[in-house]
Amino acid sequence: LSPRKGLGLAKILIFNPPHPEGKGFTREGRCTQEAGIWGTQWPPLSLATIASVLLQDGHQVRVLDCPAMGQGVDALVEVVGAFRPDLAVWNTATPTLAADLAVASRIRQVAPRAVTAVMGTHVTAFPDAALEVPHVDLVVRAEPEHTVRDLALLGDPPGAAVQGVSWRGKDGTLRNNPDRPFLPPEAIPAASWEALDLSPYRLPLKARPFLIVAPVRGCPYPCSFCTAPVYYGRRLRKRPLGSVAEEICRGVSLLGVRDFFVWADTFTADREYVHGFCREILSRGLRISWSCNSRVDTLDPETLVLMKRAGLWMVSFGLESGSDAILKRSGKGITVAQSERAVRMAHDHGVRTSGHFILGLPGETRETLAQTISLALTLPLDIAQFYAAAPFPGTRLHTEAVQSGWLRPGMEFSQGRAVMDLPGLPGEQVDLHIRHAYRRFYGRPRAWWNILSMLEPGAFRGQMKNARQFLLRF
Ligand code: SF4
């Protein structure tokens, strides 16, 4: 690549745009979610990893997480006007897509020379549609860090030079440059949190500051509803353990953070790697507390004991359904028996558990919905979340939903309510069952006892307010 001609190093703004209704909102690869019942706003990992590579190159970087800071579009535009970036790059998500893309016009008004670029799973799957929106110059497809690095070096709209970019030529035609190969594990950057105000990010139930660390990218499993393979690929890429541990050390020593969410598409898929991760934490004497997500078929008692010794306090499982038939059809590749075994094993070892369920997947009936709710109630889960099946672009579920005509006309995309009418199961039925599931799960004294026993005193008032608001919706 030729460096920016005559411009020197660039001024780059990387941001999460405001939620259209001013809500807390996380846009992080396959995970897009409202702050929800626990009011969780994730530290914006992808902004921090992009910042990391840009700062290394010496650029002037500004990072903004508008939903976390309570900033609306006017506040964002004010920052853009004052900073006058050469390049503005921002995350988008399916539920907020129209508003996310519309930000481009506002940026152009105050920074007419800025190149505008959007990223995220939706625009990765449908770059052409994003480029139809006025003043969106580029789409950064899939893993963003090194694509943004090349854009920053190049300055002007990239032509064919930058892999992984879609753009509009001077003649107005839309062009999709070749895909960028996924980064080798050792090149996946550690997050650079120093450019962010971390005060809005508080661990649910604990109200302590926390950070996300992502040791692994990619997922080999073929779940029909998940965008992970589209964004980070199908190969499990495990960062060197020393680099992950140093990232944690920096969080502890520089930022004073002791709580971490170990986020990966499938963190526990490689047992040896997980053991190595735990040993690295223990050998460095890192006294941290962490939670992680996991698959129910990848945990064993020995691993769990080691993880707990290294600071694990909660594990989140994608349990998805209480029906083996639905699990099989969705490609999840687990069984209800495995879910039961894993949740009970974690519970018996004194690790808190969180279960995530999807209602309204293809093949769902009232009976299978009842099985899912029953599973949630019978397992010793501390927390449960129930989502409507969401056909994210780029997934097999999306293709099937479009081809089968399941999408409900006029519905805004959401994981909180059904956007599909399945054969024999209208979306309203799924919504009813979601409400029913929440009422049943959190209507039990045991659920509240579990939550109260996890709450730290400083978190009590805030969490009770969040929980009350959330439950009033149901
Ligand atoms: S196991 Fe399935 S749901 Fe989990 S990250 Fe991989 S593809 Fe997504």
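Read the numbers this way: they start at 1 and go in the same order the structure lists the ligands and their atoms.
Taking the six-membered ring where the residue is Trp, the centroids of Phe277 and Trp290 are separated by under 6.0 Å.
Counting atoms of ligand 1 from 1 in the listed order, those under 4.0 Å from a heavy atom of Arg295 are 1 (S).
For the 3.5 Å distance criterion, the side chains of Asp100 and Trp90 fail to qualify, holding no donor opposite an acceptor.
Taking the ring axis of Phe210 as reference, the NZ or CZ atom of Arg208 does not stay both within 45° of it and closer than 6.0 Å to the ring centre. Both tests hold for Arg295 against Tyr221: distance to the six-membered ring centre under 6.0 Å, angle to the ring axis within 45°.
Only protein N, O or S atoms were scored, and 1 of them lie under 2.8 Å from atom 8 (Fe) of ligand 1.
Between Phe25 and Asn91 the shortest side-chain heavy-atom distance does not fall below 4.5 Å.
Taking NE2 from His398 and CD from Gln403, the interatomic distance works out to 10.5 Å, rounded to the nearest 0.5 Å.
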